[in-house]
Amino acid sequence: MTLLLALITGLFYAAGIYLILRRSLVKVIFGLMFLGHAANMLIFSTGRLTKGAPAFVPKGAQALVEPFADPLPQALILTAIVIGFGLQAFAIVLFRRSFEELGTDDIDAMRSTDRIEQVGGGDA
Amino acid sequence: MKLLVAMPILLPLFAALAMLPFRERPAVQRWLALASSVAQAIVAALLLAQVYAGGVLALQAGGWAAPFGITLVADLLSAVMVAAAALIGLTTSIYSLGSIDHERERFFFHPLMQLMLVGINGAFLTGDLFNLYVWFEVMLISSFVLLALGGTPRQLEGSVKYVTINLFSSAIFLSAVGILYGVAGTLNMADLSARLPAIEQRNLLSVVAVLLLVTFGVKAAIFPLFFWLPASYHTPPVAVSAIFAGLLTKVGVYAIMRVFTTVFTGAESEAIFRILLWVAPLTMIVGVLGAAAQYDLRKLLSFHIVSQIGYMLFAIAIQSPLAIAGGLFYIVHNIVAKTSLFYISGIIREKSGAFDLKKIGGLYSTEPLLAALFLVSALALAGIPPLSGFWAKLMVIRAGLESGHSFVTGAALLVSLLTLFSMTKIWNEAFWKDDPGVAKVTGAALTDGRMAMLYLPVALLCGVILFFGLSFEPVYELSARTAAQLLDVGSYRNAVLRGGGS
């Protein structure tokens, strides 16, 4: 189980970074999603994973009995998923609008804000 | 009184919510924004006074004791930063009265500005690393929208870069937080500072430290991670780029300062400071040289943000009480001076129709007041006595000499000179030389009332610069006490973990 998680986490990081380095906006957005999920999986696997042992205090007991899964990382991931979802939704809309407005989805073509201004440019 | 700690977050949040129904009535939004900013300034002043008199103030949300609940902490560093944010929030809400068009107001410009302040204040006040991540995201999503609002092609291009790099750094931040939780079992900063010295897996901690440095470094625009900043900050309207320039990068600097003095105290911090001693001079030099090549006013100023971050990093890396005090004063001074310069660039645009230095000129004879205000801000940034920047630089450079980092100190002095050079360039091009008479694209002439709204914030900030410069005693007193408190992690830890804060 832990090995599987580790493999998936690594795969997500690799895929995420690979896709971000592509020039197309669509691939960049997929890359950002993969990276977000990779981070979530990483937190998940730090949370002492156990099978069939939820973090409930049994009836009559005062504290949790070992082994139990740490619930906090799952709460953290839940928050991170919500935030990540919002940001990704915004990024998708922004990238789509940029594509419409600029007429290209090639990031290398979006250089006008990087250049040293010549006379004639420079006014927003 | 403990609720005071939450007020800088709650006030702008409620103000933003209250504005939402008034989409078609910008006047209501404007007044609410102004009222909220004034209230925030009052609350920030009260908070600073309270923390100055009574020590670290901690609020445990919902009454859950420290390592388990959500903690808000205000020590002097947080309180000073909140006060600076309130000042910039106030001036920006005045400035936007005169400069933001109705279309942007209809698309919730004012509530977004308030929400960004929620995130900024939250990041300053939180006592928990995961919440720091959450507040960063609150701040970022509002800044994304503010940057793209209006949707001109240049803005969209800038936003694509800004959004991508920030989402990337958020993923790194989240990974670092995950590893840290796996290692230490807690994310409360006070609790972490108590537990980290006993942790066995030092190499994992080093990994976390470096990951955090990269994340905050992207936000603060430190040396190899700054390219997004000059590509995006000059694209939105001036009110937006001014508040970005003043506040957003400093949130990253604040996080570096907080995490590597309060949370990490041992060998990991030492290693980070050794890295920073290399990064700081490179940040200064590359930033100022980038600025030297630019003729677009706002791009020039954007590169200077990067350059100035180097001084703050240098101060953090030295870690002597004098250096921290100087660094803190430098941050506040830079927030004020930089925002003021961006406001001035907006007024220049209104008066002459361009941001391009080659197209404008002769403003000295037509706008003597503007010229005077520019001189105050620009000379403060370059560090000319008796303005605020002089004292800030003096403290940092003196601390650098005392700790024996003569190479970096030399670089800092050289960069000061180059800063003066590029400020002189703006002065010569925009104010001194004759108007080149290139065809102007001035919009509708501004009424006197709106013009006053543009001048008032600049005058206010220049007043602050002069005050810092001329009555340095109390300001030094405050920054020295802040530095002493920041380096004394025990008092922070006690206030949070004992449910206290006397």
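In this text, all values refer to a predicted model and were calculated from it rather than measured experimentally. Quick note on labels: first sequence line is chain A, next is B, and so on, each numbered from 1.
Put simply, of Gly16(A), Gly36(A), Pro73(A), the one with the most heavy-atom pairs under 4.5 Å next to chain B is Pro73(A). When Val28(A), Leu25(A), Leu102(A) are compared by the number of non-hydrogen pairs under 4.5 Å with chain B, Leu102(A) comes out ahead. Most heavy-atom pairs under 4.5 Å with chain A, from the set Gly158(B), Ala176(B), Ser170(B), Gly182(B): that is Gly182(B). Among Ala231(B), Pro230(B), Ser232(B), the residue with the largest count of heavy-atom pairs under 4.5 Å with chain A is Ala231(B).
Interface remark: Pro153(B) contributes backbone and side-chain atoms alike to the contact with chain A (heavy atom separation under 4.5 Å). With a threshold of 4.5 angstrom between heavy atoms, Leu35(A) approaches chain B through its backbone and through its side chain. Proximity to chain A (any heavy atom under 4.5 Å) is shown, for Leu357(B), by neither the backbone nor the side chain. With a 4.5 angstrom heavy-atom cutoff, Ile29(A) does not touch chain B via any of its atoms. Proximity to chain A is limited to the side chain of Tyr133(B), based on heavy atoms less than 4.5 angstrom apart. In this structure, chain B has a heavy atom under 4.5 Å from the side chain of Leu42(A), while its backbone stays farther away. Both the backbone and the side chain of Val145(B) have a heavy atom closer than 4.5 Å to some heavy atom of chain A. With a threshold of 4.5 angstrom between heavy atoms, Val163(B) approaches chain A through side-chain atoms but not through N, CA, C or O. For Leu76(A), the parts lying near chain B are the backbone and the side chain together; criterion is any non-hydrogen pair under 4.5 Å. Looking at Phe44(A), neither its backbone nor its side chain comes within 4.5 Å of chain B, counting heavy atoms on both sides.
Here the straight-line distance linking atom OG1 of Thr164(B) with atom CZ of Phe95(A) works out to 3.5 Å at 0.5 Å rounding. One finds the CG atom of Leu174(B) at 8.5 Å from the CD1 atom of Ile77(A) (value rounded to the nearest 0.5 Å). To the nearest 0.5 Å, atom CZ of residue Phe168(B) and atom CD1 of residue Ile20(A) are 5.5 Å apart.
The neighbour count for Lys425(B) NZ, taken as heavy atoms of other residues, nucleotides or ligands under 6.0 Å away, is above 12. Taking a 6.0 Å sphere around CD1 of Ile70(B), one finds it holds 12 or fewer heavy atoms contributed by other residues, nucleotides or ligands. For Tyr181(B), the OH atom counts as densely surrounded, since its 6.0 Å shell holds more than 12 non-hydrogen atoms of other residues, nucleotides or ligands. Residue Phe90(A) qualifies as enclosed at atom CZ: its count of foreign heavy atoms under 6.0 Å is above 12. More than 12 non-hydrogen atoms from other residues, nucleotides or ligands lie less than 6.0 angstrom from CD of Glu100(A).
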In sequence, state the C-alpha distance, the side-chain angles, and the governing distance for Phe144(B) and Leu94(A), and then conclude on side-chain contact (heavy atoms from CB on, under 4.5 Å). CA-CA 9 Å; Phe144(B) 291 167; Leu94(A) 174 74; over 6 Å; no

For side-chain contact (heavy atoms from CB on, under 4.5 Å), just list the numbers for Thr46(A) and Ile179(B), CA-CA rounded to whole Å, side-chain angles, deciding distance to a tenth of an Å, and then say yes or no. CA-CA 7 Å; Thr46(A) 60; Ile179(B) 300 172; 5.6 Å; no

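Annotation for Ser175(B) and Ala39(A): closest pair OG-CB, 3.6 Å, computed over non-hydrogen atoms. The nearest pair of heavy atoms linking Ile43(A) to Gly178(B) is CG1-CA, 3.6 Å.
Of the residues Leu140(B), Val138(B), Val134(B), the one that meets the side chain to side chain contact (heavy atoms under 4.5 Å, CB included) test with Ile83(A) is Val134(B).
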